[in-house]
Amino acid sequence: QAFVTLNDPVYVEAAQALARRIYQAGGDDTAQRLRYAIELCLVRPPTEGQITALTELWNSEQAHYEQHPDDAVAIATDPLGALPDGMPPADLAAWTVVANVLLNLDAVLSKN
């Protein structure tokens with residue numbers, strides 16, 4: 001199941017859309033956006049462990065995509081479409097990865 005939800009085009013598109021929402025409405029910096037994203041997905045405040053882990057993930061992904069701009073554009077736009085004006089590709093690519101992780105949490109996938 002995890003491979004389907006991590007790689008299926010529908011889930012990737014959902015992660016891209018969530019990433020754009022996080023970037024636009026989540027605040028002015030990474031910490032604010034992470035808190036917004038977690039609260040949006042889990043409907044509760046984040047734990048410090050979640051913030052720490054997702055900050056490390058975002059930082060490593062953002063650094064990777066800064067070095068690989070073509071890959072950043074690909075992960076941030078395919079299949080959803082072109083980047084909105086003013087959204088840096090590396091940042092949006094990193095948010096897409098974080099959003100994909102959030103959408104694959106057990107608390108998001110299960111109905112209990």
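For this chain, numbers begin at 1 and follow the sequence in order.
The line from CH2 of Trp95 to CG of Asn100 is 14.0 Å long, rounded to the nearest 0.5 Å. Annotation: the span from Gln24 atom CD to Arg33 atom CZ amounts to 9.5 Å, rounded to 0.5 Å. One distance of note links OG1 of Thr96 with CG of Asp78; it measures 11.5 Å at 0.5 Å rounding. Put simply, CG on Leu103 and OH on Tyr11 are 9.0 Å apart, with the number rounded to the nearest 0.5 Å. The structure places CZ of Arg20 at 11.5 Å from CG of Leu18, a figure rounded to the nearest 0.5 Å. The distance from the CG atom of Leu102 to the CD atom of Gln50 is 8.5 Å, given to the nearest 0.5 Å.
Partner of Leu34 under the side-chain contact (heavy atoms from CB on, under 4.5 Å) criterion, chosen from Thr55, Ile22, Leu57: Thr55.
Listed here is the closest heavy atom pair of Leu40 and Arg21: CD1-NH2, 3.5 Å. Nearest approach of Tyr23 to Gly86, heavy atoms of both residues: OH-O, 3.8 Å. Heavy atoms only, all atoms of each residue included: Ala15 and Ala99 are closest at O-CB, 3.4 Å. For the residue pair Ala90 and Glu66, the shortest heavy atom distance occurs at CB-OE2, 3.4 Å. Taking every heavy atom of both residues into account, Ala76 and Pro89 meet most closely at CB-O, 4.5 Å.
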Q: Begin from the C-alpha positions of Ile51 and Ile38 and carry the test side chain to side chain contact (heavy atoms under 4.5 Å, CB included) through to its verdict.
A: CA-CA 9 Å; Ile51 293 293; Ile38 294 169; 4.0 Å; yes

Q: Test side chain to side chain contact (heavy atoms under 4.5 Å, CB included) on Trp58 and Asp91 and set out the steps.
A: CA-CA 9 Å; Trp58 190 87; Asp91 288 3; 3.9 Å; yes

(Q) Would Thr77 and Gln16 count as a side chain to side chain contact (heavy atoms under 4.5 Å, CB included) here? Give the steps. (A) CA-CA 7 Å; Thr77 61; Gln16 291 169 339; 5.5 Å; no

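Met87 and Leu80 sit in two unconnected hydrophobic clusters of ILVMFWY residues. Membership requires side-chain heavy atoms under 4.5 Å apart, directly or through other members. Both Leu42 and Val97 are assigned to one and the same hydrophobic cluster, defined by single-linkage of ILVMFWY side chains at heavy-atom distances under 4.5 Å.
A salt bridge between Arg35 and Glu48 is present, with a side-chain N of the basic residue lying under 4.0 Å from a carboxylate O of the acidic one.
With contacts defined as side-chain heavy-atom distances shorter than 4.5 Å, the pair Leu105/Cys41 does not qualify.
Within 6.0 Å of the CG atom in Asp29, the count of heavy atoms belonging to other residues, nucleotides or ligands exceeds 12.
Remark: Asp71 engages Tyr65, His68 in a side chain to side chain contact (heavy atoms under 4.5 Å, CB included) (not counting sequence neighbours).
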